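Notes for the one structure printed next.
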Amino acid sequence: MKRDCMTEKKILLQTEKPGRYIGNEINISKKNPREAAVRFAFCFPDVYEVGMSHLGMQIIYSMLNAESGFYCERAFMPWTDYRPDPLCSLETDSPLGVFDFLGFTMQYELGATNALEMLSMAHVPLLASDRDDKNPLVCAGGPCVCNPEPLADFFDFFYIGEAETVLVNILSLYAEHKKNGGKRREFLHKINGLDGVYVPSLKKEGAVVKKVYAADLDAAHFPCKPLVPLIEAVHNRAVVELARGCARGCRFCQAGYIYRPMRERSPDTLFAQAANILDCTGYEEISLASLSASDYSNFLPFADRLLEYTQPRRVNISLPSLRANAESLAVLEKTQRVRKSSLTVAPEAGSQRLRDAINKNLTEDEILDGCRMAFESGFDKIKLYFMSGLPTETDADCIEIARLSEKIVDQYYTLPKEKRRRQVSVNVSVSCFVPKPHTPFEREAQATAEQFAHKHRLIKNAIRKKQIAFKYHDAEASILEGIIARGGRELGRVILRAWELGARFDGWTEKFDPAVWRRAFDETGIDPVYFAHRARGPDKPQPWDFVDMGVGKIFLAGEREKAYAGITTPDCKNNCSNCGACFNE
Amino acid sequence: MNNLLLRFSKTDRMVFIGHLDLLKVFQTAVRRAGLAAAYSKGFNPHMLLTFALPLPLGAAGYDEHALLVTERGETDAAARLNRAMPDGLKITESRMLDENEKPNAAARVAAADYSAEIIAPQNLAEQIAKLLSSEKILIEKKSKSKTETADIKPLIHYVKTDGEKIFMRLAAGSAKHLNPTSVLNLICDGYADVTRLRLLSENRGEFGPLFL
């Protein structure tokens, strides 16, 4: 064995999980990079196990590699115990600097410093303005780029919307451009103005960038030969995507608005994909992904049909997003080969008044009935997700979180004694509300750290039952998330400074250091309070106004008013409220 | 009962995949290859797949053994599995065990042959001679609750060198087991690249293959 190879092996073996860095997965794409007209490195700014569980990565990887002229490879953020020099792709061990494109997916605002660290490890200049024709084009997509401004300094262009639509076109344009010896500057001019493309260096006042989306999911590319990791990922299972978008319109939920309109895949397509994926992965579990699985039309007949296929093959069906109602529980009962004892319910707010204000169309009776039925069918752990700091929230609403949790415990004790095998446990988890662009609450002031602390104390002190465990999220990380989500281009200076000061893995509680960020704000002279805690007037321009995500501004403003008036908006599948997403052609 | 014996090598990048992950890789490969694996009964059935002896993380193996219980006699299992395996895992032999062959891969293991490479080999022969000349070779063994001193000399069948590489035969298996790194740490400093060349069974003092 060569000596340098042994040294590399030794270094890898000293890391916590060497399997993160070796590639070699089942269904990996093997091509000769020299024969590829366009080399694209899909970059995920978090660890391997997180990135490998991300459906979007599998879609883009499979879609680009289906084209003979393109080679899409992958790079993930190495954990803090490993810093390769330079950062290389998993497929061919190529330094990221030699690629035509580095495409980042920005799933989470707090992944920004990791993206910078990956560029740094790749020896690619962090600022788009410092790059030249020798460097890759660095682009980003994903939900965070629906307000691209805070990241605008670092990326040559953004891709806004869903990859299935025009990403292949962009790469084809580039292949042509490269063949003719074109420069990067000219290429950026060429793609500027295409739907879904935003080139920050060419931003023109008044120009609108419109998101792109796959109108027909049955026609959209789906990875039927997904990569199967060799080490345990966050999720080790097959995935089919029932639907994209959500008809519910919960007013706090960014995904619920930016992925509109809601589109479903046909049962036939899903069934064929499921069978195919299970055959070529060997997985023992398949997840039916969507923002709200039980809202899928004819969900029960589809689940039954799939069960007929999966049961003899010892495949479990997992349903990550169910509403707690009788129908869903019936499906759960049938689909789970291994019975889980824990059920997750997300009332989001404690009082009916506040649930109405945020348009979480779920009544207390529905919640309590759902939990009772769950207890009856053998569940004895319930996880409850709530948010604190929601618009219009009062102290009384916070205390209602405790009351509702206690009522759920009481539901358990309505069961006859012989059916109560163990002590019930109710885990209450409270996160901090983060106002996001393109939602009705995009202009709300976020609660301050002190206000969040007060709310968490109120809830904690109001819980009187020992069966309830209470947990809450870190307010400082949520406030930073909100600042980056709703910031302007000046935020780039803060992100860069925080990276220089050593911020990495800010989304990981044990790695997040608020002091570093406070210093970064200080040194760049940018006031975090201004971005986080001021209410933004209805007429004031916002950094993301030029991005058209489909849902109209007037609709969003109307939804905000309805929130303050406590008026709900019905599910849009049966009652269109004219948000604009479907007719925004 | 149908028992499918699988001999395999684990090399190259696969040395970074630990034993539990390897089990998962095999399970999905068996399913992809369409072999009729048998499953345990009960609420949480699992594939009846066992390995003779886990390989330490980082070590390559050329004579690894697994047993899969199947619902029918399978032919051509090696070729079918190899199409489903990642690079670095190769089934070198597969056959259904005869009825009179006990499907007890783990219990058969008595010793293993290793080779080891180190980054800068120096005076290996001397170091080995010095080590073997002592009457007892004491090492500290840490368990969860306590640290014990143990004499590993009886567990070393041989250690030798050609000046570059080290070759060892060490006791292995569930009864008596000696980790190759425990020996290597006494001979040289730093990282050693370990390969397990053979798994051996013992019959009246004679070492031979696990399955004939």
Side-chain angles (χ1 to χ4, degrees), chain A residues 1-28 30 48-49 82 90-91 93 225-233 236-238 276-285 311-316 336-341 378, chain B residues 10-47 56-60 71 80-81 83-89 115-121 164-165 181 189-195:
Chain A
M1 188 186 282
K2 276 192 223 132
R3 199 149 290 175
D4 53 342
C5 190
M6 254 169 80
T7 312
E8 182 62 26
K9 201 166 163 183
K10 179 185 158 190
I11 293 171
L12 276 186
L13 284 169
Q14 281 163 349
T15 66
E16 184 187 39
K17 289 182 189 166
R20 285 167 168 163
Y21 311 111
I22 61 165
N24 200 37
E25 298 90 340
I26 305 301
N27 300 330
I28 192 169
K30 289 179 193 168
Y48 178 84
E49 302 93 290
Y82 182 50
L90 290 180
E91 276 69 13
D93 236 352
K225 261 188 116 179
L227 290 153
V228 181
L230 302 177
I231 61 170
E232 196 151 347
N236 284 71
R237 59 192 187 195
N276 223 322
I277 294 167
L278 289 171
D279 277 353
C280 65
T281 59
Y283 277 130
E284 296 193 322
E285 182 172 82
Q311 263 172 344
R313 289 168 177 80
R314 299 172 183 279
V315 171
N316 222 350
Q336 299 206 322
R337 190 163 51 84
V338 185
R339 179 68 150 279
K340 290 182 184 128
S341 60
Chain B
K10 181 178 181 241
T11 58
D12 303 300
R13 290 179 181 221
M14 290 307 288
V15 305
F16 297 109
I17 301 301
H19 186 66
L20 284 178
D21 290 324
L22 181 73
L23 182 70
K24 295 261 170 67
V25 172
F26 260 78
Q27 286 170 346
T28 57
V30 164
R31 294 173 63 92
R32 283 191 298 274
L35 298 176
Y39 285 75
S40 65
K41 305 278 184 286
F43 285 113
N44 192 1
H46 58 270
M47 193 181 281
L57 191 68
E71 291 187 335
R80 286 158 71 193
L81 272 173
R83 280 193 291 274
M85 285 291 184
D87 290 349
L89 272 186
S115 72
E117 249 182 298
I118 47 185
I119 290 179
E164 292 281 318
K165 284 189 182 182
T181 13
D189 294 328
Y191 172 72
D193 192 40
V194 177
T195 301

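Sequence lines set the chain letters: A, B, ... in the order given, protein chains first and strands last, and positions in each chain run from 1. Every heavy atom of this structure was used, including side-chain atoms; hydrogens, water molecules and symmetry mates were not. Computed from a prediction, not measured in an experiment: that's the story for all the values here.
Within the model, atoms CZ of A:Arg20 and CZ of B:Phe16 stand 14.5 Å from one another, a figure rounded to the nearest 0.5 Å. To the nearest 0.5 angstrom, A:Ile231 atom CD1 is 12.5 Å from B:Leu20 atom CG. Taking CD1 from B:Ile118 and CE from A:Met6, the interatomic distance works out to 7.5 Å, rounded to the nearest 0.5 Å.
Between B:Arg13 and A:Leu230, every side-chain heavy-atom pair lies at or beyond the 4.5 Å cut-off. Inter-residue side-chain proximity for B:Thr28 and A:Thr281 is flagged as unmet; no heavy-atom pair is nearer than 4.5 Å. In this structure, A:Lys9 and B:Tyr191 have side chains that are in contact, with non-hydrogen atoms separated by less than 4.5 Å. At least one side-chain heavy atom of B:Ile17 sits less than 4.5 Å from a side-chain heavy atom of A:Ile22.
Proximity to chain B is limited to the side chain of A:Ile26, based on heavy atoms less than 4.5 angstrom apart. Within the 4.5 angstrom heavy-atom criterion, only backbone atoms of B:Ala84 (N, CA, C, O) approach chain A.
Panel note: side chain B:Asp87, backbone A:Asn24; no donor-acceptor pair is recorded below 3.5 Å.
Interface remark: of the candidates B:Met14, B:Arg31, B:Gln27, B:Met85, B:Arg31 forms the most heavy-atom pairs closer than 4.5 Å to chain A.
A salt bridge does not link A:Lys17 to B:Asp21: none of the charged side-chain nitrogens sits closer than 4.0 Å to a carboxylate oxygen.
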